[in-house]
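Convention: sequence-line order gives letters A, B, ...; per-chain numbering from 1.
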There are 2 protein chains.
Amino acid sequence: MASADGPPVLGRSDHGTARRATLSLIGQPLSVSARRGSVVESTHRVHALVVDAEGDVVRSWGDTGWLTVLRSAAKPLQTLPLVADGAADHFGFSVEEIALCCGSHNSEEEHLRTVRAMLAKAGISESQLVCGPHAPLLRKRERELADAGIPLTPIMSNCSGKHAGMLALAAFHGWPLEGYERPDHPVQCRIRREVLDWTQCDPGSIREGVDGCGVPTFAVPLAAAAGAMARLASAARDGGTPGRVVGAMVRYPFMVAGSERLCTCLMREERDRLLAKVGAEGVYVAADLGRRLGVALKVEDGARRAGPPALLAVLERTGILSRGTMRALARFSAPQLVNTRGEGVGRLVVVE
Amino acid sequence: MASADGPPVLGRSDHGTARRATLSLIGQPLSVSARRGSVVESTHRVHALVVDAEGDVVRSWGDTGWLTVLRSAAKPLQTLPLVADGAADHFGFSVEEIALCCGSHNSEEEHLRTVRAMLAKAGISESQLVCGPHAPLLRKRERELADAGIPLTPIMSNCSGKHAGMLALAAFHGWPLEGYERPDHPVQCRIRREVLDWTQCDPGSIREGVDGCGVPTFAVPLAAAAGAMARLASAARDGGTPGRVVGAMVRYPFMVAGSERLCTCLMREERDRLLAKVGAEGVYVAADLGRRLGVALKVEDGARRAGPPALLAVLERTGILSRGTMRALARFSAPQLVNTRGEGVGRLVVVE
């Protein structure tokens with residue numbers, strides 16, 4: 001049920017800190033249900049909000065102060081220093097390559113070729129990537145690599161574009177490449193400052209963990225993530241570094257994810273109008289570039305499957321997506337659940 | 001927080017039907033949190049209860065009336081007709097083979113050999129199994145099969161023991177083997193009656209869907225699942241069919257799951273004292289055979305990862321498990337979360 005159906009409670013978030021207490025809207029979370037036959041088998045609770053460039057909440061579900069580990073949803077912010085400091089231009093990185101730094105790619109041929117091109121331009125060896133390898137996010141690609149007997153290496157991390165960008169930033173500044181993943185390395189300190197700026201969090205209020213690929217990841221109240229996206233959309237209209245990073249993502253959406261992935265399909269459908277970026281454990285951020293709206297959501301239990309239906313529901317209910325786009329992306333908004341025999345046995349549905 | 005900390009609310013469950021309204025205890029769910037660094041990144045809500053043989057609730061968390069699709073947690077009940085009707089004896093099935101019918105196995109060599117032996121005894125061809133193939137539940141075994149280039153076939157469904165038992169039941173009764181998975185086939189009608197008996201649900205109140213392997217799966221209030229386990233534990237003390245099925249599971253726990261799986265490890269540690277069976281989408285049932293207690297839990301969002309910590313917490317908090325067993329199974333009760341670099345980046349913890 002949307003918070004619009006009952007007045008949200010204005011309360012002090014549990015996740016506030018002594019230095020910056022956050023006033024949060026607390027309403028009914030959005031619910032994504034897994035139906036099997038006529039039964040609701042499992043249910044995911046989703047916290048989400050849409051804010052405008054002035055920081056006002058347009059609409060919210062659940063707890064807008066929910067402390068959210070951004071994971072890969074931070075990649076657009078993590079890429080800004082590469083462009084702002086001049087490293088991208090110094091090494092002659094293409095627009096596609098900048099998009100790939102912001103991406104969680106499928107390890108498709110084009111992704112791997114692009115990472116290798118970046119490393120070559122910056123004079124960095126593939127063996128200097130410290131991200132851990134993992135099976136590609138696209139199941140079809142996983143089988144393709146397995147059938148061809150190609151072993152998984154660090155370049156096949158969905159984060160290898162981001163890592164190539166981090167190494168290039170270190171090389172450009174003359175910082176050591178060794179240890180670029182550590183929280184106290186100049187690359188990570190530079191990125192942390194950028195994330196603090198855009199989320200308007202102060203150094204004492206941000207919390208950190210180690211991401212799936214080994215670099216620091218940042219936890220901020222959900223509203224701070226949405227606010228960062230609204231500010232990024234706003235700043236991008238004036239060009240400059242935000243304009244180049246946002247422009248790269250919306251112009252080369254394949255680099256941001258890949259085949260059969262929501263971020264890519266959404267940005268293709270809404271060409272130049274919408275930014276979308278997934279993060280692990282059920283996170284999405286998005287921005288309506290025309291209306292300068294920022295969007296952030298967190299699936300409370302971290303389920304990857306609940307993210308796409310929830311994001312599309314939030315974008316539809318706030319008028320960001322047209323009916324045409326919703327129809328084109330129906331396979332993401334109410335995906336069928338298929339058993340081992342290939343039978344449709346249920347469906348994920350958003351319940352309000 | 002346990003319901004014991006505040007009086008549970010006695011209410012009419014949303015999941016009740018016109019024919020059988022269920023009075024449910026509704027308290028605070030058990031919570032399994034995924035911590036990353038110092039942050040709670042994601043949280044799973046778990047409904048759970050323990051009941052005695054008289055049907056009285058010993059302890060509960062969340063909503064005891066939660067409509068729960070039993071999935072593979074129903075396998076012990078689904079195996080009872082095979083023994084009760086005389087099919088198991090007719091075909092000379094061993095105790096291990098009966099255990100495997102109740103299992104969700106890892107497709108390890110011993111599991112596959114045992115399914116093949118059952119099929120041979122009943123004169124059934126492997127091609128008559130209709131369960132869909134899938135990657136083994138044990139990651140190590142998945143890699144082993146992939147490295148050896150062994151293609152996945154229906155016998156590698158974790159449910160192939162159950163399917164072999166269903167086919168044997170059909171063959172014994174002279175029912176057609178073709179279509180044994182369909183809801184109106186005599187095998188499934190026979191099994192449905194057994195599930196209704198033990199869960200004390202009436203035909204109008206039970207709900208059904210199609211399971212991951214293609215056969216019907218049953219949805220019952222969580223309390224009915226726990227009650228069935230308490231009654232099964234009670235009946236098993238008198239021997240007979242329940243005694244044989246329960247005895248097979250606790251004597252051959254490897255057949256019920258396999259290497260590095262909680263059901264197997266738990267039944268090995270608590271030899272002859274405890275029954276445990278997992279189901280997909282975050283379900284567990286268990287029984288304390290000495291005290292004749294039945295246990296059932298459902299992770300609201302269906303996350304597989306939250307099940308083991310939740311089950312162990314429920315068993316520990318109700319005095320079913322000793323401290324020694326809890327120590328021996330610490331890797332299941334608070335498992336480390338590891339990133340793609342093999343670094344420990346967090347932990348699953350049960351919060352009360």
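For a residue to count as touching a neighbouring chain, one of its non-hydrogen atoms must lie under 4.5 Å from one of that chain's; by this rule B:Ser33 does not touch chain A. Contact annotation for A:Thr217: only side-chain heavy atoms (C-beta onward) come within less than 4.5 Å of a heavy atom of chain B. Heavy atoms of A:Val283 lying under 4.5 Å from chain B are absent altogether. With a 4.5 angstrom heavy-atom cutoff, A:Ala219 touches chain B only via side-chain atoms. Heavy atoms of B:Cys131 lying under 4.5 Å from chain A belong exclusively to its backbone. Looking at B:Arg35, there are no atoms closer than 4.5 Å to chain A (heavy atoms on both sides), in backbone or side chain.
Using a 4.5 Å heavy-atom threshold, the side chains of A:His105 and A:Leu112 count as touching. Using a 4.5 Å heavy-atom threshold, the side chains of B:Ser31 and B:Trp61 count as separate.
Within residues 334-344 of chain A, the residues having any heavy atom under 4.5 Å from a heavy atom of chain B are, by residue number, A:Asn339, A:Thr340, A:Arg341, A:Glu343.
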Query raised in the report: Given the rule in the side chain to side chain donor-acceptor pair (under 3.5 Å) test, do B:Ser42 and A:Glu281 qualify, once you have shown the distances and angles that lead to the verdict?
Result: CA-CA 7 Å; B:Ser42 302; A:Glu281 290 278 324; 2.5 Å; yes
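Proximity of a side-chain donor or acceptor of A:Ser24 to a complementary backbone N or O of A:Ile26 within less than 3.5 Å is not detected.
Among the candidates B:Arg305, B:Lys298, B:Arg71, the residue making the largest number of heavy-atom pairs closer than 4.5 Å to chain A is B:Arg71. Per-residue heavy-atom pair counts under 4.5 Å with chain A were compared for B:Gly209, B:Ala303, B:Cys213, B:Gly37, and the maximum is reached by B:Cys213. The candidate with the highest count of non-hydrogen atom pairs below 4.5 Å against chain B, out of A:Gly282, A:Ser157, A:Pro133, A:Cys159, is A:Pro133. For the options B:Val299, B:Val345, B:Val40, B:Val32, heavy-atom pairs under 4.5 Å to chain A are most numerous at B:Val345.
To the nearest 0.5 angstrom, A:Met156 atom CE is 13.0 Å from A:Leu137 atom CG. Atom CZ of A:Phe218 and atom CD1 of A:Ile191 lie 7.0 Å apart (nearest 0.5 Å).
Classified by interplanar angle (parallel below 30°, tilted 30° to 60°, perpendicular above 60°), the ring pair B:Tyr180/B:His163 is perpendicular.
Listed by chain and number, the residues in a salt bridge (Lys or Arg N to Asp or Glu O under 4.0 Å) with B:Arg139 are B:Glu142 (sequence neighbours excluded).
In the model, B:Lys277 has no side-chain atom that pairs as donor or acceptor with a side-chain atom of B:Ser72 under 3.5 Å. With 3.5 Å as the limit, one finds no donor-acceptor pair spanning the side chains of A:His111 and A:Asn106. Judged by distance alone, the side chains of B:His44 and B:Asp301 do bring a donor and an acceptor atom under 3.5 Å apart.
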